[in-house]
Amino acid sequence: MTDSDPTTDAAGRPPSPEAAANHIRKAVAADVESGRVSGVVTRFPPEPNGHLHIGHAKSICLNFGLAAEFAGRCHLRFDDTNPVKEEQAFIDSILRDVRWLGFDWGDHLYYASDYFAQLADWAVHLIAAGKAYVDDRSADEVRATRGTLTEPGQESPNRDRSVAENLDLFARMRAGAFPDRSHVLRARIDMASGNMNLRDPVMYRILRAPHPRTGNAWCIYPMYDFAHGQSDAIEDITHSICTLEFEDHRPLYDWFLENLPVPARPRQIEFARLNLSYTVLSKRHLTRLVAEGHVDGWDDPRLPTLGGLRRRGVPPEAIRDFANRIGVARRDAVIELEYLEACIREHLNRVAARRMAVLHPLKVVIDNYPEGRTEQLDAVNNPEDAAAGSRQVPFSRELYIEADDFLEDPPKKFFRLAPGREVRMRYAYFLTCTGVVKDDSGNVTELHCTYDPDTRGGNAPYGRKVKATLHWVSAAEAIPATVRLYDRLFLSPRPGDSDGDFVADLNPDSVQTLSGCMLEPALADAAGTVQFERLGYFCPDPDSTPAAPVFNRTATLRDTWANLQKRA
Ligand code: ATP
Ligand code: MG
């Protein structure tokens, strides 16, 4: 690895446009210019053994992005070679997630299992050429004789079987004559190779497990390395882009292509996988979080799965923007979670409708406002987008404000409501606090105020100033709701780094559920993510019903976490 294009600068800022000109793009452009390829064809190859996460989104954006940039195409291909862990439900979820992310594979949906017959024929081709053999030793023995990084492996006594015998044994493996795991087909390459992947790697194993697509048609299944490159070749993939852990597999990828009569010669190029702070991004770890009940299913809004991000209210545009901005590097790096959050806020700030909601309601009675009267006031939907227009919000004698917008005995820098103090109610009037009602234990339960009718719309008469503007909801029209406040799932920036078990680093307060929150009436029809003014971005949860709305917090307005950390 000679390139060192970091994904962000030292301050964690987005890369420069030059950094976006990454090594993969350059390689693809060079192949197009030199005429090595006539069109660009990429693929995204998920294994249907789990749900997609934001790391996959990076790969999806890269593959589909390159295809779009070079006017080529991108295939979606399921790498379904291990039926033990794969399920139709995962296939369905992956299709939905890629589509949701905004990509279209057109007619190019494929499955490695579509090629099982061709792959088996190619296995026979290698056997016939003396380049593959059946080993009938146990898997343990095969592993134990592979050698180490410093010692060569030992050649199997089965390595020099005759072609005829190998053809016969492989045919019987395929026909189901042997028990599971009793035989493997191995490529005959080099047991002394410095690259462990070339030490007679296993091509086929015997496995009786129903496959989501081929059912019980097969009892032998190809290994990833024997399936992937050939699948690429069959589909005429020009650039097979994968993560760095496959770099050492590339010589094997090329060896199969060189030794088989494949219709094309795809080129494998690697890039660094996405790692995010305060997050785990591996299907194995995510599966454990779900299985052990640390989260509430695959689409728990705290998970970095695409289903979780969708349920959290993160728009696909923000994820694509994030993926494009972090760029593509050849060195592993950890991207700060704040950076994803910044992309989410930036997008939502532009597009999210503003609404008013009170999370911790404190009742306010306006003593000089006529009883039984309700006026409709104009409220701007999005100050960043004039085309979003405005809506009407009801205002009446009884309102709710945020409990922490009032202090009976305010410290110096607290400018919000306090006894005798005047503040602006957003889009409405100026209000002055004239009285405080308390319960037996001294908690404030209600405020009395007066309003100034000359400040309608929240406009100050000449020369009058207030230091705070509060959001509010009219009590009579308010919709009670449940609101779930999500925080980071982990307390540690590198979960598991301290003692190896990432579960020990879970944040015990990663969700806080508030009930009795009060929403303005327009929130009855909220479809996507909105901004609750002064509070953050929120979206209706699938659990939400008109009678019992539930909203999830997508993001706070500012990076409150960083501030908290500084204070701590
Ligand atoms: P995981 O390691 O999370 O279990 P995987 O690599 O086993 O994921 P696959 O379904 O094989 O999952 O991945 C499909 C594609 O997505 C592969 O090309 C893989 O390299 C890519 N990919 C997976 N995780 C990441 C990541 N964190 N960043 C970038 N690309 C990724
Ligand atoms: Mg994989």
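Counting convention: from 1, in listed order, for ligands and their atoms alike. Residue numbers start at 1 and run along the sequence shown.
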- Message: Can you name the atoms of ligand 1, numbered from 1 with element, that are less than 4.0 Å from a heavy atom of L281?
- Response: 3 (O)

- D107: partners by side-chain hydrogen bond (donor to acceptor under 3.5 Å, both in side chains), with sequence neighbours left out: none

- Query: Considering distance alone, does some N or O of E245 sit under 3.5 Å from an N or O of ligand 1?
  - Reply: no

- Output the list of atoms in ligand 1 that are nearer than 4.0 Å to some heavy atom of F271, sorted by atom number. 29 (C), 30 (N)

- Task: Using side-chain hydrogen bond (donor to acceptor under 3.5 Å, both in side chains) as the criterion, list what pairs up with T243, not counting sequence neighbours.
- Result: E245

- Message: Taking 4.0 angstrom as the limit and counting only heavy atoms of S282, give me the atoms of ligand 1 inside it, by number and element.
- Response: 3 (O)

- Note on the structure: Filtering C61, S59, A272 for the heavy atom nearest atom 21 (C) of ligand 1 leaves S59

- Item | Identity of the nearest option to atom 2 (O) of ligand 1, non-hydrogen atoms only, from K58, K283, H56, R273 | R273

- Message: Between Y204 and Y221, is the ring centroid distance below 6.0 Å?
- Response: no

- Could you tell me which atoms of ligand 1, counted from 1 in the order shown, lie closer than 4.0 angstrom to a heavy atom of P45? 14 (C), 18 (O)

- Query: So is F44 polar-close to ligand 1, meaning N/O to N/O under 3.5 Å?
  - Reply: no

- Query: Among F271, Y224, Y253, which one satisfies ring pair (Phe, Tyr, Trp, His ring centres under 6.0 Å) with F246?
  - Reply: Y224

- Query: Any nitrogen or oxygen of H53, main chain or side chain, under 3.5 Å from a nitrogen or oxygen of ligand 1?
  - Reply: yes

- Note on the structure: In D79, T81, D80, the residue satisfying side chain to side chain donor-acceptor pair (under 3.5 Å) with S113 is D80

- Task: Work out which heavy atom in R311 is nearest to a heavy atom in P542; give both atom names and the distance.
- Result: NE-CD, 3.6 Å

- Message: Among R43, Q230, R73, R77, exactly one meets side chain to side chain donor-acceptor pair (under 3.5 Å) together with E235. Which residue is that?
- Response: R77

- Should D79 be listed as contacting ligand 1, given a heavy-atom distance under 4.0 Å as the test? no

- Message: Does ligand 1 come near enough to L274 that some N or O of the ligand is less than 3.5 Å from an N or O of the residue?
- Response: yes

- Message: Could you check, using the six-membered ring where one of them is a Trp, whether Y278 and F490 have ring centers closer than 6.0 angstrom?
- Response: no

- Message: Within ligand 1, which atoms have a heavy atom of T243 less than 4.0 Å away?
- Response: 19 (C), 20 (O), 29 (C), 30 (N), 31 (C)

